[in-house]
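Residue numbering restarts at 1 for every chain, and letters A, B, ... go by the order of the sequence lines. It should be emphasised that the depicted structure is a prediction, and the values quoted were computed from it without experimental measurement.
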Protein chains: 2
Amino acid sequence: MKKKPATIKEIARKLKISASTVSRALNDHPSIGLVTTMRVKNMAQELHYEPNQTAIFFKQRRTFTIGVILPSLSEPFFSSAISEIENVAGEQNYTVLMGQSHDDAERELQIIHTFKKHRVDGILMSLGKNTEDLSFVDMLKESEVPIVFFDCVPKIEGVNKVYSDLSSGMREAIQSFASIGHKNIALINGPENLLASQERADAYKQALLKEDIAFDEKYVVNTDLTEAGNIEAMEKLLLLSDRPSAIVSFNDFVTLDVIKYARQKGLVQKRDIFFISYANYPLWKYMENPPMGSIEQYPDRQARRAAEMLFAQIGSTEDMKPEAVVFESKLELKN
Amino acid sequence: MKKKPATIKEIARKLKISASTVSRALNDHPSIGLVTTMRVKNMAQELHYEPNQTAIFFKQRRTFTIGVILPSLSEPFFSSAISEIENVAGEQNYTVLMGQSHDDAERELQIIHTFKKHRVDGILMSLGKNTEDLSFVDMLKESEVPIVFFDCVPKIEGVNKVYSDLSSGMREAIQSFASIGHKNIALINGPENLLASQERADAYKQALLKEDIAFDEKYVVNTDLTEAGNIEAMEKLLLLSDRPSAIVSFNDFVTLDVIKYARQKGLVQKRDIFFISYANYPLWKYMENPPMGSIEQYPDRQARRAAEMLFAQIGSTEDMKPEAVVFESKLELKN
DNA sequence: TTGTAGGCGTTATCAT
DNA sequence: ATGATAACGCCTACAA
């Protein structure tokens, strides 16, 4: 068991003065005499006094903590994001409570409940891939815990969110492909039910249209984002009589798998086959044969903006009108 | 400002019973009648009552939070580690406060202070590369905040730590090199002042000895772990008249840089030059030409063990004798 | 079975 | 310039 730390009362007792005087002295209240103040401060030192913030938090109804919920820190996107969130939080004297959902909706809810119990002053969240039930949003609104979504955001209105517009990057990707003569451009998309997949699918069609390339259903395949799924999707494309010469895929992880598979099948990148995907993970720069490009989604900017929105909410007296901030995504060509 | 949430008192008032009865009913105290219990619970529901944990924490002198301090989540080693820490914490109904030091000793101290203010029940920490001043350890001991170090641990006695023995992996690495005929085996080490570097250097010498290879000073170079530093170190080795045919390097990041550089110089891996490094990052499996091997340091095992040690401390009444747990590192050959 | 009272550490309010 | 008191929300020994 823990020996209890020194309290204001103890200091007061030892000095035979009142607790309020001690409190004031410690906070440099002007009405306290210099001598008393010094005496108090010395005694505080001596007893290794440290204010019990939990008591203060309790009284102030503020914990100076925010909760961050995201799918997985092992994705570079999210580890970048949380770094930036921590920076912003630090600037505001806030600390970050962490929770990884691992794309499990149940776990998300559990984390939210834990955060509520801990009375976080606000929540930043990137949704898991399978989260359907958004009723927790109302629940949080009810108890006035501000929440800001980023990256993987719900499609509903009336919530604060920061995300990236996937279509700008897709347009650049398709255009880059078209400009070097590709006609058969495929899309390896994520699970169909995902909003992120739907957006990519739409953006893909739009971009093809813009380049006067006819949309052909057979060039769109889906993966469940497992390694097996990625390879299976690629296999489907390669078996087509008129196989694609260029591929946009859901994200860099997918591309990693399919590049490897293509290599095994004897295809040489940027000769037989061209790749672009979303995320722009830093590892590409080390690859001997990186894909043609990757679409940057700016995790740090998104995260910073989302955190700033959250702190604006936390700081304000009345509730603010929900805001949706969109960052353009941008193709980065490799080599 | 936040509307204050329902409290036990409110429920009591509405039901015209005492707060203690409400408290007991909510906690299913056996002495409370079934009807009362139901009435209370219903009212609690209706008012969206949720116990104010901050009040409870305050009273219990326990926050059910642990603080985790590590250099950077963008290193896969640490993101694996924190995932596992979060798992263990979850099992204990604990939540994780996060702080990245970015290898800045000042920032470490600041985080520690924040954690103390938040009255975390314990701290898990992996030291930054430049941390020299360990006086915070005594400070924490003073205030009885248990701390367990992992991975990058202080060399002092009397602290709980979990780390990996780098020498076992080094031995395997050198042995693997020697077994396929390498004699000129170099070491690209980290900054000389680092404990982690010294250990590698020692292990390197020992391992050479064991293989009956003479130690030659010129084959040991240092890098500050920046890209430029890594390349510079490699350059030095390549300029040697009798350049090494095999290289052990500080970690996979270093190897990534030097592989790239070697490639630019026209060297073909596993023909002209062979690499092994520490960390065993997952990305190797995607590389067209991965290094010969990488030494696994088991971030998840280390993290789990460290977390378990911390919770043992937190749970126990008297203070326990500090323990040092060492995991062997293990070479993983690629392809 | 239920109520009363006190306390956890701090601070704000009101008094002296 | 300082002290006394109450209050934040919850729990629990003790009383009824």
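Distance, Asn27(A) CG to dA12(C) P: 8 Å, rounded to whole Å. Between the NZ atom of Lys9(B) and the P atom of dA5(C) there is a distance of 13 Å, rounded to whole Å. Put simply, NZ on Lys117(B) is 19 Å from P on dG9(C), counting in whole angstrom units.
Heavy-atom minimum distance, Leu195(B) versus Lys155(B): CD2-CB, 4.0 Å.
Within the 4.5 Å cutoff, the side chain of Arg119(B) has heavy atoms near those of the Pro5(A) side chain.
Between Glu108(B) and Thr131(B), the side chains place a donor N or O and an acceptor N or O closer than 3.5 Å (distance only, hydrogens not considered). With 3.5 Å as the limit, one finds no donor-acceptor pair spanning the side chains of Thr65(A) and His118(B).
In the displayed structure, Glu106(A) atom CD is contacted under 6.0 Å by at most 12 heavy atoms of other residues, nucleotides or ligands.
Taking the six-membered ring for Trp and thresholds of 30 and 60 degrees, Phe136(A) and Phe149(A) have ring planes inclined between 30 and 60 degrees apart. Using bins of under 30°, 30° to 60° and over 60° for the plane-to-plane angle, the ring pair Phe150(B)/Phe78(B) lands in the perpendicular bin.
Heavy-atom distances under 4.0 Å link DNA chain D to Phe58(A), Lys59(A) of residues 48-59 of chain A, given in residue order.
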Which atoms of nucleotides 1-4 of chain C (N or O only) lie under 3.5 Å from a protein N or O atom, and what are those distances?
| residue | atom | partner | partner atom | Å |
| --- | --- | --- | --- | --- |
| dT1(C) | O5' | Ser31(B) | O | 3.0 |
| dT2(C) | OP1 | Thr36(B) | OG1 | 2.9 |
| dT2(C) | OP2 | Gly33(B) | N | 2.9 |
| dT2(C) | OP2 | Thr36(B) | OG1 | 3.2 |
| dG3(C) | OP2 | Ser18(B) | N | 3.1 |
| dG3(C) | OP2 | Ser18(B) | OG | 3.2 |
| dG3(C) | OP2 | Thr21(B) | OG1 | 2.3 |
| dG3(C) | N7 | Arg24(B) | NH2 | 2.6 |
| dG3(C) | O6 | Arg24(B) | NH1 | 3.1 |
| dG3(C) | O6 | Arg24(B) | NH2 | 2.8 |
| dT4(C) | O4 | Ser20(B) | OG | 3.0 |

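Close approach of DNA chain D to chain B, defined as any atom under 4.0 Å from a non-hydrogen atom of the protein, starts and stops at dC8(D) to dA13(D).
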